[in-house]
Amino acid sequence: MMSFFSSKKVELPAHNCVLPHALRIPALEKLVGKRVVLASNSPRRKEILRTFGLEPEIVPSTFEETLPIGGFQDPHEYPVATATHKAVEVYERLVTEQPDDAPDLVIAADTVVLTYAPQGLHSQFAEELGGAPQDILEKPIDKEDNMRMLLDLNGGRCEVVTGVSVVFPVLEAPGYKIKSIDERTLVYFAQNDESLLRAYVENGEGRDRAGGFAVQGLGGMLVSKVDGDYQNVVGFPAASFFKFLDALIEEEVDFLSD
């Protein structure tokens with residue numbers, strides 16, 4: 001099997017986040033030997049990245065995620081802003097605590113569910129929704145909140161939005177730069193009996209998921225179709241993320257520089 005480290009016998013670097021099965025793309029080759037940190041303890045994000053050959057160090061953010069939702073004119077900005085705060089908090093903390101081993105890249109993500117898809121996104125599916133307002137669904141606070149969310153989603157469609165932010169060191173103040181993307185996927189719910197929704201809520205699987213459901217688990221019984229990046233609904237848009245890193249290598253002189 002081809003490996004980034006198979007061509008010569010050398011000691012592995014102190015930070016070895018790129019796994020042997022990773023594709024030889026510019027972003028992953030550039031990450032060899034770098035200290036890459038994921039500012040999340042989400043097992044789903046960790047597993048998705050590992051599937052594609054990246055195993056970052058896990059340092060969960062302590063950011064309380066208390067940004068006022070009403071402060072964002074465009075709801076898609078909300079998960080991006082939350083991800084940015086998470087990434088900056090972890091980067092600044094690690095630089096302070098470990099100045100001789102500062103991270104080369106901190107990755108953070110935040111996923112929310114919007115109850116209506118806006119006009120212009122897959123417009124063939126959203127023409128009748130027009131300017132319908134979008135409510136942001138995060139993790140349910142209890143079973144009744146979970147049931148409320150599922151009833152709102154039942155028989156309709158929602159938009160799953162993940163904001164991803166990266167922080168990396170640069171020479172100019174404040175010593176780091178932030179870059180972000182968001183990924184949007186439509187999820188269509190079947191017209192489920194209320195008894196099925198209640199059984200799902202009682203199972204507890206959706207308790208720790210934005211929107212109150214896990215499409216990759218038992219929650220898949222509630223869903224009829226996914227339009228877009230399935231991994232994004234699970235919790236991390238890996239395909240877009242690695243393309244994003246490749247673009248940063250081309251566009252940012254200081255990005256992952258030695």
Side-chain angles (χ1 to χ4, degrees), residues 1-5 12 15-25 27-63 65 79-80 82-83 86-87 89-91 94 103-113 137-140 146 158 160-167 180-185 187 200 203-223 226-246:
M1 179 184 293
M2 178 63 71
S3 166
F4 284 119
F5 307 106
L12 294 179
H15 299 292
N16 181 27
C17 64
V18 180
L19 300 175
H21 69 270
L23 296 178
R24 299 182 68 90
I25 61 174
L28 285 168
E29 290 189 305
K30 197 78 170 175
L31 289 175
V32 173
K34 304 293 186 183
R35 186 182 184 190
V36 180
V37 174
L38 177 63
S40 170
N41 60 5
S42 166
R44 297 171 293 281
R45 289 180 183 137
K46 178 181 178 181
E47 185 57 33
I48 289 171
L49 287 171
R50 198 178 196 287
T51 296
F52 291 93
L54 184 63
E55 191 165 45
E57 179 182 344
I58 304 299
V59 181
S61 173
T62 60
F63 178 66
E65 303 185 34
V80 173
T82 300
K86 289 180 180 179
E89 186 279 319
V90 168
Y91 183 84
L94 292 179
D104 297 291
L105 184 69
V106 173
I107 306 163
D110 185 60
T111 300
V112 299
V113 172
L137 303 182
E138 297 190 271
K139 297 175 184 178
N146 198 167
C158 64
V160 178
V161 184
T162 301
V164 180
S165 293
V166 297
V167 175
S180 305
I181 58 169
D182 70 76
E183 182 73 18
R184 311 174 190 187
T185 305
V187 177
Y200 183 71
N203 174 269
E205 181 186 76
R207 187 168 46 217
D208 190 40
R209 294 348 194 248
F213 69 95
V215 71
Q216 75 277 20
L218 295 172
M221 293 180 65
L222 312 178
V223 172
V226 173
D227 183 8
D229 185 349
Y230 173 83
Q231 299 287 1
N232 183 48
V233 184
V234 177
F236 193 84
S240 295
F241 173 70
F242 287 113
K243 292 176 183 176
F244 170 53
L245 293 188
D246 281 344

Task: Pairing residues for Asp182 by the salt bridge (charged side-chain N to carboxylate O under 4.0 Å, His left out) criterion, not counting sequence neighbours - done: Arg184

Open item on the list: The criterion is ring-ring contact (aromatic ring centres under 6.0 Å, His included); which residues satisfy it with Phe63, sequence neighbours excluded?
Closed with: His85

Task: Expected output: side-chain Asp110 to main-chain Gly163 donor-acceptor under 3.5 Å - done: no

TODO: Not counting sequence neighbours, which residues clear side chain to side chain donor-acceptor pair (under 3.5 Å) with Glu57? List them please.
DONE: Arg35

Open item on the list: Set out, in order, the CA-CA distance, both residues' side-chain angles and the distance that settles side chain to side chain contact (heavy atoms under 4.5 Å, CB included) for Val164 and Arg45, then state yes or no.
Closed with: CA-CA 11 Å; Val164 180; Arg45 289 180 183 137; over 6 Å; no

Task: Which residues share a side chain to side chain donor-acceptor pair (under 3.5 Å) with Ser40, sequence neighbours left out - done: none

Open item on the list: I need the minimum non-hydrogen distance between Val106 and Ala39, along with the two atoms involved.
Closed with: CG1-CB, 4.1 Å

Task: Set of residues satisfying side chain to side chain donor-acceptor pair (under 3.5 Å) with respect to Arg207, sequence neighbours excluded - done: none

TODO: Rounded to the nearest 0.5 Å, what's the gap from NE2 on His21 to CZ on Arg50? Could you check?
DONE: 7.0 Å

Open item on the list: Can you list everything that forms a salt bridge (charged side-chain N to carboxylate O under 4.0 Å, His left out) with Lys46? Sequence neighbours excluded, please.
Closed with: none

TODO: Only counting residues at least two apart or in another chain, list the ones meeting side chain to side chain donor-acceptor pair (under 3.5 Å) with Glu205.
DONE: Tyr200

- [ ] List the atom of Val80, the atom of Ser165, and the distance in Å for their closest heavy-atom pair.
- [x] O-OG, 3.5 Å

- [ ] Check salt bridge (charged side-chain N to carboxylate O under 4.0 Å, His left out) between Glu89 and all other residues, then give those that pass, not counting sequence neighbours.
- [x] Arg93

TODO: Look up atom CG in Leu23 and atom CG in Leu54, then write down how far apart they are to the nearest 0.5 Å.
DONE: 12.0 Å

- [ ] Please round to the nearest 0.5 Å and tell me the distance separating atom NZ of Lys30 and atom CD1 of Ile25.
- [x] 13.5 Å

- [ ] Could you grab the distance from atom CD1 of Ile107 to atom CG of Leu245, nearest 0.5 Å is fine?
- [x] 6.5 Å

Open item on the list: Check whether His15 reaches the backbone of Pro56 with its side chain - one donor and one acceptor, N or O, closer than 3.5 Å.
Closed with: no

Open item on the list: Using side chain to side chain contact (heavy atoms under 4.5 Å, CB included), reason through Phe242 and Leu49 one step at a time and then give a plain yes or no.
Closed with: CA-CA 10 Å; Phe242 287 113; Leu49 287 171; 4.2 Å; yes

Task: Minimal non-hydrogen separation, Leu28 against Gly53, with atom names - done: CD2-O, 4.4 Å

Open item on the list: Whether the side chain of Asp246 engages the backbone of Ala27 through a donor-acceptor N/O pair (distance < 3.5 Å, no angle test) should be reported.
Closed with: yes

TODO: Using the test salt bridge (charged side-chain N to carboxylate O under 4.0 Å, His left out), find all partners of Glu65 that sit at least two apart in sequence or belong to another chain.
DONE: Lys86

TODO: Could you grab the distance from atom OG1 of Thr51 to atom CG of Leu19, nearest 0.5 Å is fine?
DONE: 10.0 Å

Task: Where Ala87 and Val167 come nearest, the two heavy atoms and their spacing - done: CB-CG2, 3.6 Å

Would you mind writing out the side-chain donor-acceptor pairs for residues 232-241 within the sub-3.5 Å range, not counting sequence neighbours?
unit_1	atom_1	unit_2	atom_2	d
Asn232	OD1	Thr162	OG1	2.7
Asn232	ND2	Val160	O	3.2
Asn232	ND2	Glu183	O	3.3
Asn232	ND2	Thr185	OG1	3.0
Ser240	OG	Glu183	OE1	2.7

TODO: Search all heavy atoms of Phe244 against all heavy atoms of Ser180 and return the closest pair with its distance.
DONE: CZ-N, 3.8 Å

Task: Interatomic spacing from CD in Glu138 to CZ in Arg209 - rounded to 0.5 Å - done: 15.5 Å

Task: Non-hydrogen atoms of Ile58 and Asn41 that approach each other most closely - done: CG2-CA, 4.1 Å

